[in-house]
K.L.:
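Below you will find the structure I want to go over with you.
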Amino acid sequence: MGKITGFMEHERIEEGYKPVDERVRHHKEFVIGLDAQQAKVQGARCMDCGTPFCNSGCPVNNIIPDFNDLVYRNDWRNAITVLHSTNNFPEFTGRICPAPCEAACTLNVNDDPVGIKSIEHAIADRAWAEGWIAPQPPKRRTGRKVAVVGSGPAGMAAAQQLARAGHEVTVFEKNDRIGGLLRYGIPDFKMEKTHIDRRVAQMQAEGVVFRTGVLVGSLGEGSKVTNHAKETVSADELLAQFDAVLLAGGAEASRDLPVPGRELDGVHFAMEFLPQQNKLNAGDKLKGQLRADGKHVIVIGGGDTGSDCVGTSNRHGAASVTQFELMPMPPEQEDKALTWPYWPYKLRTSSSHEEGCQREFAIATKEFVGDKGKVKALKTVRVEWKNGKMAEVPGSEQVLQADLVLLAMGFASPVSPVLQAFGIEADGRGNAKASTEAVGGYRTSRDKVFAAGDMRRGQSLVVWAIREGRQAARAVDEFLTGAPSDLPR
Ligand SMILES: Cc1cc2nc3c(=O)[nH]c(=O)nc-3n(C[C@H](O)[C@H](O)[C@H](O)COP(=O)(O)OP(=O)(O)OC[C@H]3O[C@@H](n4cnc5c(N)ncnc54)[C@H](O)[C@@H]3O)c2cc1C
Ligand code: SF4
């Protein structure tokens, strides 16, 4: 345990943010991480409680009390070893995880939780800066070949684990760069892409082969999903060439809003807007960019994707940014006695909201109104929820000006033709059907085809994708060797 009385002596220290007027002028990260002394103080606050709820609140089960203690004792080198024992990419989660561990921290019952995520962030960044993170090539090769389809956090975590177990791993990615939504969804201001590039280099040195611009199967006619593929490989070719295939293609089918006027110019999916800015930040030239400069932007959808559209629109210099949420405004403070140690339902205000955004709750869009084929306004109505059912509030109709509308209502499922190409069964929500059981988990209905991440569980979080990638790697390893795996579950 850090310091026995640390939780009584020290307050929680939040990571700093660069000022709004400075950070909206660029697309780079703006969080100021804890320095070594601040991280030590945070580590000292950990009570090392007998039952560490933080550990089960964390989807990868990070061994949080141990790394808190190591940071408190200035043993950063062992802290990164502990962190890596459960999480392949703590520099990703240390930046963009919503930190369910902190909701579960025992100190959160009647005080502010330990700043676990900020400690994780500090450990990972220090380990990279000190050169402690090096490739770990396997001592022995098995000669077994695995194809991983999709290079998001699930595919990356699985590929790294499988390569370290000695298998020959090839990652197929339809886009021109590795990283999935980390690369082309999440804006640079939340996570710069050098963090992915460093891991890709590490994994290449461990033997992973990355093949970008290669689509496996098909996306279906007229698909608006991000796709930079120059080459296509069929599911049958992959099955013939590899001993096992892991599908980690994410859940890319965006939810649409099929109301009158949907076809107007200026109404776009968030995932048509965000990847363009990520490409520009990477130095690519685009023929034409969807931009928000001087426009009245309405973002429909109140989640992470919507918030990222808000932040990007403000960086473009939008005239106004409004975000719609169908549900009523949640309470600002949760009732901890009812919710702890679970993830509470409460109002969440992101750094992007703080940069300037009008938030509208309990509002629905009835129609997009256009002029000469371009969107100009939205017809809306207020809604109320009774017994879980939504009803429109009579007389609450409004017309709101909008030159750019971004649909950020989440993702319905994986792109179904990809699953169909492999002939695998889908679950009731259209995801690849596979359990997470310790024995036989992550297997689809087709022999030697496995599934993990958003493609299996539906749209979720980076930390869940990493967990599923790690667990699926273990399942694939056991399938290939016919013996219990040494990979952690
Ligand atoms: C805008 C946005 C912001 C988000 N912000 C956060 C956040 O702050 N924190 C958080 O934890 N989570 C966030 N998420 C969710 C998180 O990014 C996802 O849950 C996570 O990336 C899922 O990982 P994955 O590996 O399963 O799939 P993905 O990251 O979706 O990667 C799948 C990859 O597979 C590729 N692929 C798909 N089909 C094929 C095919 N047939 N052939 C070849 N390649 C294929 C795709 O091109 C893609 O690169 C956000 C999501 C979005 C859209
Ligand atoms: S990965 Fe997320 S939940 Fe787990 S310790 Fe880090 S911040 Fe917490």
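As the structure is a prediction and not an experimental result, all values here were calculated from the model. Excluded from the calculations below are hydrogen atoms, water molecules and symmetry mates; all remaining heavy atoms, backbone and side chain alike, are included. Ligands are counted one by one from 1 in listed order, and the atoms in each one are counted from 1 as well.
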K.L.:
Is any side-chain N of the basic residue among Asp284 and Arg177 closer than 4.0 Å to the acidic one's carboxylate O?
P.N.:
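Yes, this pair counts.
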K.L.:
Give the contacting part of Asp454 toward ligand 1: side chain, backbone, both or neither, where contact means a heavy-atom distance below 4.0 Å.
P.N.:
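Both backbone and side chain of Asp454 come within 4.0 Å of ligand 1.
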K.L.:
Please list, in number order, the atoms of ligand 2 under 4.0 Å from a heavy atom of Ile64.
P.N.:
5 (S)
K.L.:
Check Glu468 with Arg456, please: is the shortest side-chain N to carboxylate O separation under 4.0 Å?
P.N.:
yes
K.L.:
Could you tell me if any non-hydrogen atom of Met191 lies under 4.0 Å from any atom of ligand 1?
P.N.:
no
K.L.:
Could you tell me, atom by atom, which parts of ligand 1 come under 4.0 Å of a heavy atom of Val418?
P.N.:
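Ligand 1 atoms under the 4.0 Å threshold to Val418: 41 (N).
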K.L.:
Atoms of ligand 2 less than 4.0 Å from Thr93 heavy atoms?
P.N.:
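Listed by number with element, the hits are 1 (S).
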K.L.:
Given Val216, Val149, Val233, which one has a non-hydrogen atom that is nearest to atom 41 (N) of ligand 1?
P.N.:
Val216
K.L.:
Is Asp125 close to Glu91 at the side-chain level, that is, under 4.5 Å between some pair of heavy atoms?
P.N.:
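They are in side-chain contact.
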K.L.:
Once you restrict to heavy atoms under 4.0 Å, what part of Arg183 touches ligand 1? Side chain, backbone, both or neither.
P.N.:
neither
K.L.:
Measure the distance from atom 5 (S) of ligand 2 to every protein heavy atom, then report the residue, atom name and distance (to 0.1 Å) of the closest one.
P.N.:
Asn62 ND2, 3.3 Å
K.L.:
Which atoms of ligand 1 sit under 4.0 Å from any heavy atom of Gly180?
P.N.:
29 (O), 31 (O), 48 (C), 49 (O)
K.L.:
Below a 4.0 angstrom heavy-atom separation, can you tell me which part of Thr226, side chain or backbone, both or neither, approaches ligand 1?
P.N.:
neither
K.L.:
Using heavy-atom distances only, which candidate in Leu181, Asn175, Asp176, Asn227 approaches atom 17 (O) of ligand 1 most closely?
P.N.:
Leu181
K.L.:
Counting heavy atoms only, which of Ala154, Gly185, Gly469 comes nearest to atom 25 (O) of ligand 1?
P.N.:
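Among Ala154, Gly185, Gly469, the closest heavy atom to atom 25 (O) of ligand 1 belongs to Ala154.
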K.L.:
Can you confirm if the aromatic rings of Tyr184 and His228 lie within a centre distance of less than 6.0 Å?
P.N.:
yes
K.L.:
Run Gln160 and Asn88 through side-chain hydrogen bond (donor to acceptor under 3.5 Å, both in side chains) and show every step you take.
P.N.:
CA-CA 8 Å; Gln160 184 162 60; Asn88 297 61; 2.9 Å; yes
K.L.:
When you measure from atom 33 (C) of ligand 1 to each heavy atom in Arg177, Glu173, Gln459, which option holds the nearest one?
P.N.:
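Going through Arg177, Glu173, Gln459 one by one, Glu173 has the nearest heavy atom to atom 33 (C) of ligand 1.
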K.L.:
What I'd like to find out is whether the side chain of Lys448 reaches to under 4.5 Å of the side chain of Val245, using heavy atoms alone.
P.N.:
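Of all side-chain heavy-atom pairs linking Val245 with Lys448, none is under 4.5 Å.
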K.L.:
Heavy-atom contacts with Leu274 under 4.0 Å: which atoms of ligand 1 show up? List them by number with element.
P.N.:
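Within the 4.0 Å cut-off of Leu274, ligand 1 contributes 1 (C).
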K.L.:
Can you tell me how far the CG atom of Asp112 sits from the CZ atom of Arg45, to the nearest 0.5 Å?
P.N.:
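Going from the CG atom of Asp112 to the CZ atom of Arg45 covers 6.0 Å.
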K.L.:
Counting non-hydrogen protein atoms only, what is the nearest one to atom 8 (Fe) of ligand 2? Give residue, atom name and distance.
P.N.:
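Minimum-distance protein heavy atom for atom 8 (Fe) of ligand 2 reads Cys101 SG, 2.2 Å.
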K.L.:
Heavy atom under 4.0 Å from ligand 1: found in Phe411's side chain, backbone, both, or neither?
P.N.:
side chain
K.L.:
Check Arg23, Arg95, Lys190, Lys193 against Glu29 for a salt bridge (Lys or Arg N to Asp or Glu O under 4.0 Å) and give me the one that passes.
P.N.:
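Single salt bridge (Lys or Arg N to Asp or Glu O under 4.0 Å) partner of Glu29 among Arg23, Arg95, Lys190, Lys193: Arg95.
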K.L.:
Heavy atoms only, cut-off 4.0 Å: how does Lys190 contact ligand 1, side chain, backbone, both, or neither?
P.N.:
side chain
K.L.:
Identify whether the distance between the nearest side-chain nitrogen and carboxylate oxygen of Arg73 and Asp75 falls below 4.0 Å.
P.N.:
no
K.L.:
Given side chains that start at C-beta, do those of Val209 and Phe172 come closer than 4.5 Å, heavy atoms only?
P.N.:
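No; the side chains remain at least 4.5 Å from each other.
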K.L.:
Does Ser151 come within less than 4.0 Å of ligand 1, judged by its heavy atoms?
P.N.:
yes
K.L.:
Name the closest protein heavy atom to atom 12 (N) of ligand 1, giving the residue it belongs to and the distance to 0.1 Å.
P.N.:
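Result: Val462 N, 3.5 Å.
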K.L.:
Which heavy atom of the protein is the closest neighbour of atom 4 (Fe) of ligand 2, given with residue, atom name and distance?
P.N.:
Cys58 SG, 2.3 Å
K.L.:
At a 4.0 Å cut-off, with the gap strictly under it, does some heavy atom of Val214 reach an atom of ligand 1?
P.N.:
yes
K.L.:
Please state which protein non-hydrogen atom is closest to atom 6 (Fe) of ligand 2 and give its distance, to 0.1 Å?
P.N.:
Glu120 OE1, 2.0 Å
K.L.:
I want to confirm something. Looking only at heavy atoms, which of Gly152, Gly249, Pro98, Pro153 is nearest to atom 23 (O) of ligand 1?
P.N.:
Pro153
K.L.:
Would you kindly specify which portion of Ala408 sits under 4.0 Å from ligand 1, judged on non-hydrogen atoms: side chain, backbone, both or neither?
P.N.:
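The answer is neither.
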K.L.:
Would you mind running through ligand 2 and noting each atom that sits below 4.0 Å from a heavy atom of Val463?
P.N.:
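Answer, ordered by atom number: 1 (S).
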K.L.:
Are the ring centres of Phe30 and Tyr17 closer than 6.0 Å?
P.N.:
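Yes, the ring centres sit under 6.0 Å apart.
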K.L.:
Answer yes or no: is there an ion pair linking Glu102 with Arg12, defined by an N-O contact shorter than 4.0 Å?
P.N.:
yes
K.L.:
Does a salt bridge link Asp197 with Arg183, judged by any charged N lying under 4.0 Å from a carboxylate O?
P.N.:
yes
K.L.:
Which residue and non-hydrogen atom of the protein lie closest to atom 2 (Fe) of ligand 2, and at what distance in Å?
P.N.:
Cys97 SG, 2.3 Å
K.L.:
Below 4.5 Å, heavy atoms only, C-beta onward: do Leu238 and Val149 meet side chain to side chain?
P.N.:
yes
K.L.:
Set out, in order, the CA-CA distance, both residues' side-chain angles and the distance that settles side-chain hydrogen bond (donor to acceptor under 3.5 Å, both in side chains) for Gln277 and His316, then state yes or no.
P.N.:
CA-CA 10 Å; Gln277 188 57 52; His316 285 183; 2.8 Å; yes
